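Nothing here was measured: the structure is a model prediction, and the numbers come from that model.
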Amino acid sequence: MKGAFIMKQTVLGNIKSQPEVLRYTFDNQEVFVKPFVEIFKNHDIKKVFFFGSGTSYNVSHIAAYYFKHLCGIDASAQYPTVYKNYEKPDWTGSLKNDQILYVGISQSGTSVSTCEVMEYARKQGHLTLAVTGNLESKIAKQVEVVTHLLVGDELTPPETKGYTVSVLTVYLWAVAVAKELGAFTREQSEKALADASALIDQFETIIQESEAWYDRNAVSIVNSDRIYILGYGIDFGSMLEGTLKVGEMLRLPVLGYELEEYSHGPTMALRDNQTLLMIGSDEAEFERMLEFREIYKRYTPRVHVITCKDEISPDERDIVFSVKTDKYLAPLMYTVPFQFLAAKGAKQVFIDTNMNPFEEPIAHYAD
């Protein structure tokens with residue numbers, strides 16, 4: 001409209017909007033939880049495949065962890081094209097088609113590979129469900145059940161709030177299914193939901209502490225020759241997302257590894273002008289991570305731990321969130337420092353993150 005002022009959406013604006021959009025998602029969870037649980041009420045689901053590309057693939061890793069550890073269901077994250085060309089739904093041949101659920105995660109609903117694998121699964125007679133921000137998108141037409149990702153518009157190429165909303169979505173799915181299957185008591189389910197709500201209530205503090213961490217470390221990180229990101233356990237998925245975000249926005253060489261795997265060879269490339277970011281998950285490897293931290297500091301001072309656990313002696317390079325939560329919800333906040341590193345770092349070196357320099361539309365269908 002003539003004379004109207006329309007504010008341009010920015011990556012930093014989307015990052016800072018996460019407290020509000022997460023609260024909206026939590027408060028309206030019945031929209032996407034109820035149809036998901038209905039599948040488990042009506043079918044004897046024994047196996048769940050999660051599919052996605054980019055950020056959605058990273059969410060799939062965390063989703064598979066939730067369903068294995070909270071629900072007791074065999075679950076895995078798969079690259080759509082790899083699965084379609086080289087895998088089978090059940091190599092033992094012991095499961096029926098309607099005991100296997102295929103879940104496609106696509107914020108835009110236009111990811112070519114995810115749409116294709118969901119169409120493939122449906123034609124093979126398997127149960128299919130998609131979660132997407134666009135209920136009229138391509139993927140919505142390829143599945144039996146479509147649920148709404150309540151992220152709203154994210155008009156910048158890198159997805160930030162889309163990631164955290166997707167993680168919260170799959171967490172709420174897992175809690176509801178765990179209750180339905182008897183893996184959670186009513187009290188456990190209520191506590192899991194209360195913990196999620198409490199974390200969302202404190203998400204503004206997470207935003208502030210993440211930005212402050214980046215600001216005090218900006219110069220050394222942005223001027224790094226290379227960035228390594230290490231994760232383990234549930235936060236292997238957080239590592240994948242951190243690697244993707246920093247790579248696509250800051251556009252420095254960024255390499256991600258599982259914590260222990262990094263020590264088997266890649267350490268030979270570690271130099272004092274390189275940055276190493278370690279996600280300190282509340283998992284079995286936490287003490288091992290602390291040992292590695294001290295060793296890596298002998299080779300580069302640019303070693304950072306991102307955690308909410310107090311069992312470390314932090315310095316200004318680390319971020320130990322004042323907000324505390326369990327390992328299942330911690331991935332929601334551990335990705336935020338990487339978002340600021342990616343977005344503010346890019347701005348600092350004059351990269352416009354609202355522009356995609358790769359113009360060929362090979363990964364997505366046209367809207």
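- For Asp44, the salt bridge (charged side-chain N to carboxylate O under 4.0 Å, His left out) criterion is met by Lys46, not counting sequence neighbours.
- Taking each heavy atom of Gly52 and Thr114 in turn, the nearest pair found is CA-OG1, 3.6 Å.
- Listed by chain and number, the residues in a salt bridge (charged side-chain N to carboxylate O under 4.0 Å, His left out) with Glu87 amount to none (sequence neighbours excluded).
- Side chain of Ser17 to main chain of Asn14: a donor-acceptor pair is present (N/O by atom type, distance under 3.5 Å, no hydrogens or angles).
- A donor atom on one side chain and an acceptor atom on the other are found under 3.5 Å apart for Gln348 and Tyr214.
- Between Thr147 and Pro35, the shortest heavy-atom contact is CG2-CG, 3.6 Å.
- For Glu136, the CD atom counts as loosely surrounded, since its 6.0 Å shell holds 12 or fewer non-hydrogen atoms of other residues, nucleotides or ligands.
- Of all non-hydrogen atoms in Val349 and Leu250, the two that sit nearest each other are CG2-CD1, 4.1 Å.
- Side-chain atoms of Ser210 come within 3.5 Å of backbone atoms of Ile206 as a donor-acceptor pair (strictly under, hydrogens ignored).
- Leu230 belongs to a hydrophobic cluster whose remaining members, ordered by chain and number, are Tyr228, Tyr232, Leu255, Tyr257, Leu259, Tyr262, Leu270, Leu276, Met278, Phe286, Met289, Leu290, Phe292, Ile295, Tyr296, Tyr299, Val303, Val305, Ile312, Val320; membership requires side-chain heavy atoms of ILVMFWY residues under 4.5 Å apart, directly or through intermediates.
- In this structure a side-chain-to-backbone donor-acceptor pair under 3.5 Å is missing from Ser106 to Thr132.
- Counting Ile, Leu, Val, Met, Phe, Trp and Tyr side chains that sit under 4.5 Å apart, directly or through other members, Met268 stands alone, with no cluster partners.
- Connectivity analysis of hydrophobic side chains (ILVMFWY, heavy atoms under 4.5 Å, direct or indirect) links Val219 to nothing; its cluster partners are none.
- For the 3.5 Å distance criterion, the side chains of Asp90 and Thr92 qualify, holding a donor opposite an acceptor.
- Counted by atom type alone, Glu209 and Ser322 present one or more donor-acceptor pairs between their side chains at under 3.5 Å.
- A 4.5 Å side-chain heavy-atom check between Leu127 and Ile45 finds at least one atom pair inside the cut-off.
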*Take Ile200 and Leu168 through the side chain to side chain contact (heavy atoms under 4.5 Å, CB included) test and state the conclusion after the steps.*
CA-CA 10 Å; Ile200 293 167; Leu168 178 60; 3.8 Å; yes
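- Checked by atom type and distance alone, the side chain of Asn217 pairs as donor or acceptor with a backbone atom of Glu316 at under 3.5 Å.
- Each of Thr335, Asn58, Thr164 was evaluated against Glu241; a single residue qualifies, Asn58, per the side chain to side chain donor-acceptor pair (under 3.5 Å) test.
- A 6.0 Å sphere centred on NZ of Lys141 holds more than 12 heavy atoms belonging to other residues, nucleotides or ligands.
- Taking both residues in full, the closest heavy atoms of Gly104 and Met118 are given as N-CE, 3.5 Å, listed atom of the first, atom of the second, then distance.
- For Glu211, the salt bridge (charged side-chain N to carboxylate O under 4.0 Å, His left out) criterion is met by Lys16, Lys344, not counting sequence neighbours.
- In the model, Ser108 has no side-chain atom that pairs as donor or acceptor with a side-chain atom of Glu154 under 3.5 Å.
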*From CA spacing to verdict: salt bridge (Lys or Arg N to Asp or Glu O under 4.0 Å), Arg23, Glu20*: CA-CA 5 Å; Arg23 171 50 60 191; Glu20 293 78 18; over 6 Å; no
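- Residues meeting the side-chain contact (heavy atoms from CB on, under 4.5 Å) test with Ala174, sequence neighbours left out: Tyr66, Phe67, Leu70, Cys71.
- Using a 4.5 Å cut-off on side-chain heavy atoms (C-beta onward), Val177 and Ile73 make contact.
- For the residue pair Arg226/Thr275, the side-chain donor-acceptor check at 3.5 Å is not satisfied.
- In terms of the ring-ring contact (aromatic ring centres under 6.0 Å, His included) criterion, Tyr163 has no residue partners (sequence neighbours excluded).
- Between Asp326 and Lys191, none of the side-chain N atoms (NZ, or NE/NH1/NH2) sits under 4.0 Å from a carboxylate O, so this pair counts as no salt bridge.
- A search for ring-ring contact (aromatic ring centres under 6.0 Å, His included) contacts involving His69 returns Tyr65, not counting sequence neighbours.
- In this structure, Lys245 contributes its side chain and Pro158 its backbone to no donor-acceptor pair below 3.5 Å.
- In this structure, Ala121 and Tyr102 approach most closely via the heavy-atom pair CB-CD2, 3.4 Å.
- The side-chain heavy atoms of Leu129 and Val103, taken from C-beta on, include a pair separated by under 4.5 Å.
- Put simply, the side chain of Trp173 gets close to the backbone of Phe32: a donor and an acceptor are under 3.5 Å apart.
- The backbone N or O of His304 lies less than 3.5 Å from no partner atom in the side chain of Arg293, so there is not a single donor-acceptor pair.
- Every residue two or more places apart in sequence or in another chain that forms a ring-ring contact (aromatic ring centres under 6.0 Å, His included) with His61 is listed here: Tyr57, Phe236.
- Without hydrogens or angle criteria, Gln29 side chain to Phe26 main chain gives a donor-acceptor distance under 3.5 Å.
- Residues satisfying the salt bridge (charged side-chain N to carboxylate O under 4.0 Å, His left out) test with Lys327, not counting sequence neighbours, are Glu283.
- Exactly one residue among Glu159, Gln18, Lys161 makes a side chain to side chain donor-acceptor pair (under 3.5 Å) with Gln339. That residue is Gln18.
- A salt bridge does not link Glu38 with Lys34: every distance from a Lys NZ or Arg NE/NH1/NH2 to an Asp or Glu carboxylate oxygen is 4.0 Å or more.
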*Walk me through it: do Gln124 and Tyr120 pass the test side chain to side chain contact (heavy atoms under 4.5 Å, CB included)?*
CA-CA 6 Å; Gln124 295 295 315; Tyr120 167 80; 3.9 Å; yes
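- Between the side chains of Ser113 and Ser53, at least one donor-acceptor pair of N or O atoms lies under 3.5 Å.
- Within the 4.5 Å cutoff, side-chain heavy atoms of Leu341 are placed close to those of Leu277.
- Here the side chain of Lys84 pairs no donor or acceptor atom with the backbone of Tyr79 at under 3.5 angstrom.
- Residues satisfying the ring-ring contact (aromatic ring centres under 6.0 Å, His included) criterion with Phe40, sequence neighbours excluded, are Phe36.
- With hydrogens and angles ignored, the 3.5 Å screen pairs a side-chain donor or acceptor of Tyr171 with a backbone N or O of Ala192.
- Note: Tyr83 and Phe49 have tilted aromatic rings, judged against thresholds of 30 and 60 degrees for the angle between ring planes.
- Looking at Lys68 and Ser76, their side chains never bring a donor and an acceptor atom within 3.5 Å of each other.
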